[in-house]
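First the structure, in the form of structure tokens, and then the observations on it.
In this chain, numbering begins with 1 at the start of the sequence shown. Each ligand, and each atom within it, is numbered from 1 in the order the structure gives.
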Amino acid sequence: MTRKILSDLRIATLDAGGAPYGLIDRGAIGVEAGRIAWAAEADAMPAGWSGVETESFGGRLATPALVDCHTHLVFGGNRAREFELRLEGASYEEIARAGGGIVSTVSATRALTEDALVESALPRLDRLIGEGVATIEVKSGYGLTVADELKMLRAARRLEKLRPVRVRTSYLGAHAVPPEYKDRADAYIDEVAIPGLEAAGAEGLADAVDGFCEGIAFSPGQIARVFDRAKALGLPVKLHAEQLSDLGGAKLAASYGALSADHLEYLGQDGVAAMAKAGSVAVLLPGAFYFLRETERPPVAALRAAGVPIAVATDCNPGSSPMTSLLLAVNMACTLFRLTPEEALAGATREAALALGLGDEIGTITPGKRAEFAIWDVEHPAELAYRIGDNPLYRRIVEARD
Ligand code: NIG
Ligand code: FE
């Protein structure tokens, strides 16, 4: 079995409950068969490891490899013109109601082949990987026909074969009502969203099921019908909830034991309590908050007080968050949402892993988990949240299993 030691590291294990950041000051990590065997102060190395191949990292900082748990990485076109319109005064909702917004990305995505979608997503993926990301979630939701939703999910799956990254897919058929179903959202749910979910399930293309519960998208009742089918197929759910208004989406998602509810700017106390009870993760998306110039902040203090795990993600998408830097999202989570740097870094590692149902596998430097690390040219982990638009990654390490 392949063994190695990574030595001369400061290690932010992100293990909860111990020192801040789970910090081990002068540490080393033992790797065996692609998993973490131990992480300890260098003078506390376990017996039986002397003579094992050792690489020294000159005192650099190790963290778990980063996890981007909410992206729309696969899409066609861009929405720079819409950005101009919004700066001239049009709101995101007005543009959506006038047939722009998500629906304009739908036309651009339908026009691309699966190959072209993969090609256009790769540079964005490479930017994330270049910042130490080893796991990303990718949603469908810009196809909105059964065939185009499946095309997006197949493209997302292919990314995993083309780059050393773990991809978790979410089926987001209930993202927007396409023009051909204008004012017939219920028919869209019955004729496209649910059949698409069944087809994605049959092909093993969806690891989870997402939706957009909002005035410009779908009602809680419509989302519930999609979630009922997800449940019947044994797929976990998550939801874009309370981004622009409070429709009780997070509460609905929690009633299905959701992995996460995401955005949450307009989340009320009842939603916080429901999420805490269900163990759902709150995924905060400061890029979308910033880019839409939102002013309502997610209720971070209430989430914290209720013990709801808080994750941070890019929400990389062409309309509300054209962002391919998870470190920038971490920075913004601190400046805009007042997370501590430790919470924000945990949000892009430990809690993000939890939001993908991968909490036992990745997200902390803990014995038994996958040997997936980011090594940084920084001294203290707070530096990862502190710098704006900087990338101090020294090396990303993703050990294959034997
Ligand atoms: O997460 N909120 C809905 N979906 C995306 C935005 C998609 C778009 O505008 O293209 C989001 O912000
Ligand atoms: Fe999103």
>> Below 30° counts as parallel, above 60° as perpendicular, anything between as tilted: where do the rings of His175 and His240 land?
In response: tilted

> What does the list of residues with a heavy atom under 4.0 Å from ligand 1 look like, ordered by chain and number?
Replying inline: His70, His72, Arg79, Tyr92, Ile102, Tyr142, His175, Phe212, His240, Gln243, His263, Asp315, Asn317, Gly319, Ser320

>> Can you give me the closest heavy-atom contact between Gly248 and Glu242, atom names plus distance?
In response: N-OE2, 3.2 Å

> For residues Gln243 and Tyr92, is any side-chain donor paired with an opposing acceptor at under 3.5 Å?
Replying inline: no

>> I want to verify a count. Protein N, O or S atoms less than 2.8 Å away from the Fe ion (ligand 2), how many are there?
In response: 4

> So which pairs with a foot in residues 260-285 pass salt bridge (Lys or Arg N to Asp or Glu O under 4.0 Å), sequence neighbours left out?
Replying inline: Lys251-Asp270

> By salt bridge (charged side-chain N to carboxylate O under 4.0 Å, His left out), which residues pair with Lys369, not counting sequence neighbours?
Replying inline: none

> Could Lys238 and Glu137 be called an ion pair, given the rule that one side-chain N must be under 4.0 Å from one carboxylate O?
Replying inline: yes

> Less than 4.0 Å between a side-chain N and a carboxylate O, is that true for Asp210 and Lys139?
Replying inline: yes

>> Within the supplied structure, the quantity of interest is the number of heavy atoms (other residues, nucleotides, ligands) at a distance under 6.0 Å from Tyr386 OH; does it exceed 12?
In response: no

> Do side-chain atoms of Thr109 reach the backbone of Gly76 as a donor and acceptor pair under 3.5 angstrom?
Replying inline: yes

